[in-house]
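Notes follow the structure.
Chain identifiers are assigned alphabetically (A, B, ...) following the order of the sequence lines, protein sequences preceding nucleic acid strands; residue numbering begins at 1 within each chain.
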Amino acid sequence: ELKVEQNPLFLSMQEGKNYTIYCNYSTTSDRLYWYRQDPGKSLESLFVLLSNGAVKQEGRLMASLDTKARLSTLHITAAVHDLSATYFCAVVLNSGGSNYKLTFGKGTLLTVNP
Amino acid sequence: NAGVMQNPRHLVRRRGQEARLRCSPMKGHSHVYWYRQLPEEGLKFMVYLQKENIIDESGMPKERFSAEFPKEGPSILRIQQVVRGDSAAYFCASSGTGIGYGYTFGSGTRLTVV
């Protein structure tokens with residue numbers, strides 16, 4: 001069974017600081033997603049990472065994937081209050097015929113303080 | 001280009017009643033997935049459907065829950081004889097085909113059982 005672990009689960013940062021959220025997963029996968037969720041809202045797709053070594057950046061967020069280590073990181077640069085949200089990683093199992101099923105981590109609640 | 005449309009946004013049901021949740025996928029998407037989010041948890045896969053076919057219902061509770069995606073009209077997630085533990089946010093996602101496709105999530109239906 002695929003397990004996805006995020007850490008930290010709660011993150012309180014000051015504006016202007018940098019931080020990284022980690023996403024570990026338990027079995028082979030080469031497709032990983034990062035989503036953002038604001039309270040009471042849906043999930044907004046941030047990044048899709050498809051191969052080992054993939055790196056994608058959008059604004060103050062940068063995501064990377066290391067399939068050998070089964071690890072993805074979401075790096076936040078110079079945080080601003082607007083980035084406050086819950087961030088989820090989700091992994092797709094790439095074998096066994098279930099290569100459509102997203103398995104989510106529990107999410108990281110990010111609060112950026114002035 | 002409308003995204004994934006879910007309705008209702010909020011649904012209150014008394015114990016023992018039926019809940020019907022609707023999802024219209026993005027235009028051009030033929031794959032529909034339902035996920036459930038319990039408070040302070042990540043999303044859990046419930047069911048994957050294509051038009052007139054249930055492809056994978058491994059995440060559905062064995063009783064009281066059913067899903068369909070008819071040839072015409074939206075996908076329906078039906079919960080019979082609801083109990084308090086069914087209170088959650090139910091999200092629908094749709095996708096196209098091919099490796100690397102993304103999943104677009106709807107705004108969710110927040111079900112409260114009283």
Sort A:Lys41 into side chain, backbone, both or neither according to what part of it lies under 4.5 angstrom from a heavy atom of chain B.
backbone
Look at the aromatic rings of B:Phe45 and A:Tyr100 and report parallel, tilted or perpendicular, splitting at 30° and 60°.
tilted
Linked, directly or transitively: B:Leu43 and B:Leu77 (ILVMFWY side chains, under 4.5 Å):
no
Using the rule that two of Ile, Leu, Val, Met, Phe, Trp, Tyr join whenever any of their side-chain heavy atoms come within less than 4.5 Å, decide whether A:Met62 and A:Tyr19 are in one cluster.
no
In this structure, are over 12 heavy atoms from other groups packed under 6.0 Å from B:Gln80 atom CD?
yes
Quick check on A:Gln37 against chain B: is it the side chain, the backbone, both or neither that has a heavy atom closer than 4.5 Å?
side chain
Hey, quick one: are B:Val47 and B:Ile79 part of the same hydrophobic cluster, counting side-chain heavy atoms closer than 4.5 Å, chains of contacts allowed?
yes
Under 4.5 Å between side-chain heavy atoms, hopping through other hydrophobics if needed: is there a path connecting B:Tyr48 to B:Met60?
no
Treat each ILVMFWY residue as a node, draw an edge where side-chain heavy atoms are under 4.5 Å apart, and state whether A:Val91 and A:Leu71 are in one component.
no
Test side-chain contact (heavy atoms from CB on, under 4.5 Å) on B:Ser58 and A:Lys101; report intermediate values, then the result.
CA-CA 10 Å; B:Ser58 61; A:Lys101 189 185 300 186; 3.1 Å; yes
Other residues, nucleotides and ligands only: do more than 12 of their heavy atoms fall within 6.0 Å of CD on A:Gln57?
yes
Nearest-0.5 Å distance, OH of residue B:Tyr103 to CG of residue A:Leu102:
5.0 Å
Which residues in residues 105-114 of chain B have a heavy atom less than 4.5 Å from any heavy atom of chain A?
B:Phe105, B:Gly106, B:Ser107, B:Arg110
Inter-residue atom distance B:Gln37.CD - A:Thr86.OG1, 0.5 Å rounding:
8.5 Å
